[in-house]
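Below: one structure in structure tokens.
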Amino acid sequence: MVTGGAGYVGSVIGRYLLDTGHEVTVLDDLSTGHADAVPSGARFVQADIRAAGATLASGIDAVVHCAAKSLVAESVAKPELYWDNNVGGSLALLEAMRAHDVRRIVFSSTAATYGEPTSVPIVEADPPAPTNPYGASKLAVDHILTSYAAAHLFAAVSLRYFNVAGALLPGEPGAGTSGQTLGERHTVETHLIPIALQVAAGQRDSLQVYGTDYPTPDGTCIRDYIHVLDLADAHARALDWTAGQAGRHLICNLGSGAGSSVREVLTTSREVTGRDLKVLETGHRPGDPAVLIASNERAGTELGWTPSRDLTAMVRDAWRFQQSIGELAGPASR
Ligand code: UFG
């Protein structure tokens, strides 16, 4: 069962699991997901994660838990939504799993659990110190999973995503034969690559670069971007890992191990699209660390995972996805 399987990351994971021979049930309340993103061939249940019991009773043997609220700024303004949904909802899901003896789970955690890093690359043993309720809510679930593994013999993996980008496009390696196109389509878009591509597509006039005076070589923030298909591959491996690991909770970063600055992302976006991007250099966005880069060593050792797609592939695939939905999307919401 993939919760949040009608969202960006969850739909690609569901698609990838189907294409690699799993049976998939998607549980999604469609609060932010899209019905047409549910992977074809999956069973679809439109429900809240707190109402997963009946679905769990229908032959589910493991859960990939992606459903969550995931906007950092919203979490600062409305923390109650994040504690209630991300923590309360996850706890209810775990209790339903326990009641139905489904004890394997792969959880969408985040780099935001670390907060401002003490050193880079970030390793999983670094102290978590989230700087916003979104990161804190995900860290709380990581802690819950540690205790459920110990007390209730769950086998759990928390995957701490760094900056996910790209799309699943028919014909690309790893995209399967479904013909489905899946990518990032948020009603409120805050992420750099989709915003840059909306500017390239003429759906926005310009984009803001949030700060050019960071202590980095070109003054802009550095992030570790990872292709959503590489991310899906990590989930499939994590799911395999949970078989036979009752009582263990594994936490793994998912990143490339290298960083790209905002300016480098914009250069790649110009190269891929062949279009100029109007840029306004503005002040810092509150809460943005200067550099976030993952060590992905543990994911390599424990899951045998290595990412294979670079920033150009991410931007190219996101651009092709953006063009495929461009006419439907209309003017971009901010
Ligand atoms: N940025 C801009 N202009 C924009 C959007 C972003 O300059 O219009 C910059 C940001 O300041 C940041 C970089 O581009 O330096 C990447 O920003 P994103 O919003 O794309 O991604 P974040 O690094 O802020 O967020 C990601 C995940 C979050 C997670 C966070 C952990 O998307 O879910 O990493 O730090 F919480």
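Numbering of ligands and ligand atoms starts at 1, following listing order. All residue numbers refer to positions in the sequence shown, counting from 1.
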| request: Just jot down the ligand 1 atoms closer than 4.0 angstrom to any heavy atom of Ile195, in number order. | output: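 Per the distance check, 8 (O).
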
| field | Contact (N/O only, under 3.5 Å) between Tyr210 and ligand 1 | value |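 Right, the criterion is met.
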
| query | Are Tyr214 and His284 near enough that their ring centres are under 6.0 Å apart? | reply |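 Ring-ring flag for Tyr214/His284: true, centres closer than 6.0 Å.
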
| task | Specify the protein heavy atom at minimum distance from atom 9 (C) of ligand 1: its residue, its atom name, and the distance to 0.1 Å. | result |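 Heavy-atom neighbour on the protein nearest atom 9 (C) of ligand 1: Val262 CG2, 3.8 Å.
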
| task | Could you name the option among Asp288, Val209, Val291 that has the heavy atom nearest to atom 11 (O) of ligand 1? | result |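 Considering heavy atoms of Asp288, Val209, Val291, the nearest to atom 11 (O) of ligand 1 sits in Asp288.
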
| Is the NZ or CZ atom of Arg104 both under 6.0 Å from the centre of the six-membered ring of Phe154 and within 45° of that ring's axis? |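 No, Arg104 does not sit over the ring of Phe154.
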
| request: Kindly state whether the ring of Phe107 and the ring of His249 have centres lying under 6.0 angstrom apart. | output: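 For Phe107 and His249, the ring centres are not under 6.0 Å apart.
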
| task | With atom 27 (C) of ligand 1 as the reference point, say which of Arg204, His191, His284, Arg285 has the nearest heavy atom. | result |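 Result: the heavy atom closest to atom 27 (C) of ligand 1 is in His191.
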
| query | For ligand 1, is any non-hydrogen atom under 4.0 Å from Thr190's backbone (N, CA, C, O), its side chain (CB onward), both, or neither? | reply |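 Backbone only; the side chain of Thr190 stays clear of ligand 1.
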
| side chain to side chain donor-acceptor pair (under 3.5 Å) between Arg98 and Tyr148, intermediate numbers included | CA-CA 9 Å; Arg98 193 155 73 94; Tyr148 268 60; 4.7 Å; no

| task | Using non-hydrogen atoms of the residue, decide whether Tyr214 is closer than 4.0 angstrom to ligand 1. | result |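 Heavy atoms of Tyr214 never come under 4.0 Å of ligand 1.
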
| said: List ligand 1 atoms under 4.0 Å from Ala112, heavy atoms only on the residue side. | reply: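 Result: 31 (C), 36 (F).
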
| task | Decide, yes or no, whether a salt bridge links Arg204 with Glu189 under the criterion of side-chain N to carboxylate O below 4.0 Å. | result |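 No salt bridge links Arg204 with Glu189.
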
| request: Pull out every atom of ligand 1 sitting under 4.0 Å from any heavy atom of Leu292, numbered as shown with elements. | output: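 Ligand 1 atoms under the 4.0 Å threshold to Leu292: 35 (O).
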
| field | Val157, Asp142, Asn253 screened by side-chain contact (heavy atoms from CB on, under 4.5 Å) with Ser109, the one that passes | value |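 Of the listed options, the one satisfying the test is Asp142.
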
| message | Please determine whether salt bridge (Lys or Arg N to Asp or Glu O under 4.0 Å) holds for the pair Arg237 and Asp233, giving the CA-CA distance in whole Å, both sets of side-chain angles, and the decisive distance to 0.1 Å. | response | CA-CA 6 Å; Arg237 290 168 184 273; Asp233 177 48; 3.1 Å; yes

| query | Cluster question for you: counting only ILVMFWY and a side-chain heavy-atom cut-off of under 4.5 Å, with indirect links fine, are Val63 and Leu159 together? | reply |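 Unlinked, Val63 and Leu159 end up in two clusters.
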
| query | Considering only protein heavy atoms, which is closest to atom 29 (C) of ligand 1, and at what distance to one decimal place? | reply |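 Looking only at protein heavy atoms, the one closest to atom 29 (C) of ligand 1 is Thr110 OG1, 3.7 Å.
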
| query | Below 4.5 Å, heavy atoms only, C-beta onward: do Arg15 and Leu18 meet side chain to side chain? | reply |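 Yes, at least one pair of side-chain atoms sits under 4.5 Å.
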
| query | Which atoms of ligand 1 are found less than 4.0 Å from any heavy atom of Cys221? | reply |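 By the 4.0 Å cutoff, the relevant atoms are 15 (O).
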
| said: Can you tell me which portion of Val72 lies within the under-4.0 Å heavy-atom range of ligand 1? Options are side chain, backbone, both, or neither. | reply: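 Within the 4.0 Å criterion, Val72 contacts ligand 1 through side-chain atoms alone.
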
| said: If the cut-off is 4.0 Å to any non-hydrogen atom of Gln208, which atoms of ligand 1 fall inside it? | reply: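 Counting atoms of ligand 1 from 1, those under 4.0 Å from Gln208 are 2 (C), 3 (N), 4 (C), 7 (O), 8 (O).
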
| Option of least heavy-atom distance to atom 36 (F) of ligand 1 (set: Phe162, Tyr134, Tyr225) |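 Selected option, by shortest heavy-atom distance: Tyr134.
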
| Would one find an N or O of Leu192, backbone or side chain, under 3.5 Å from an N or O of ligand 1? |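 By distance alone, the answer is yes.
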
| said: Does Glu116 have more than 12 heavy atoms from other residues, nucleotides or ligands lying within 6.0 Å of its CD? | reply: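 Atom CD in Glu116 is packed in, count exceeds 12.
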
| request: Starting from atom 34 (O) of ligand 1, find the nearest protein heavy-atom neighbour and note its residue, name and distance. | output: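 Checking every protein heavy atom, the shortest distance to atom 34 (O) of ligand 1 gives Asn163 OD1, 3.9 Å.
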
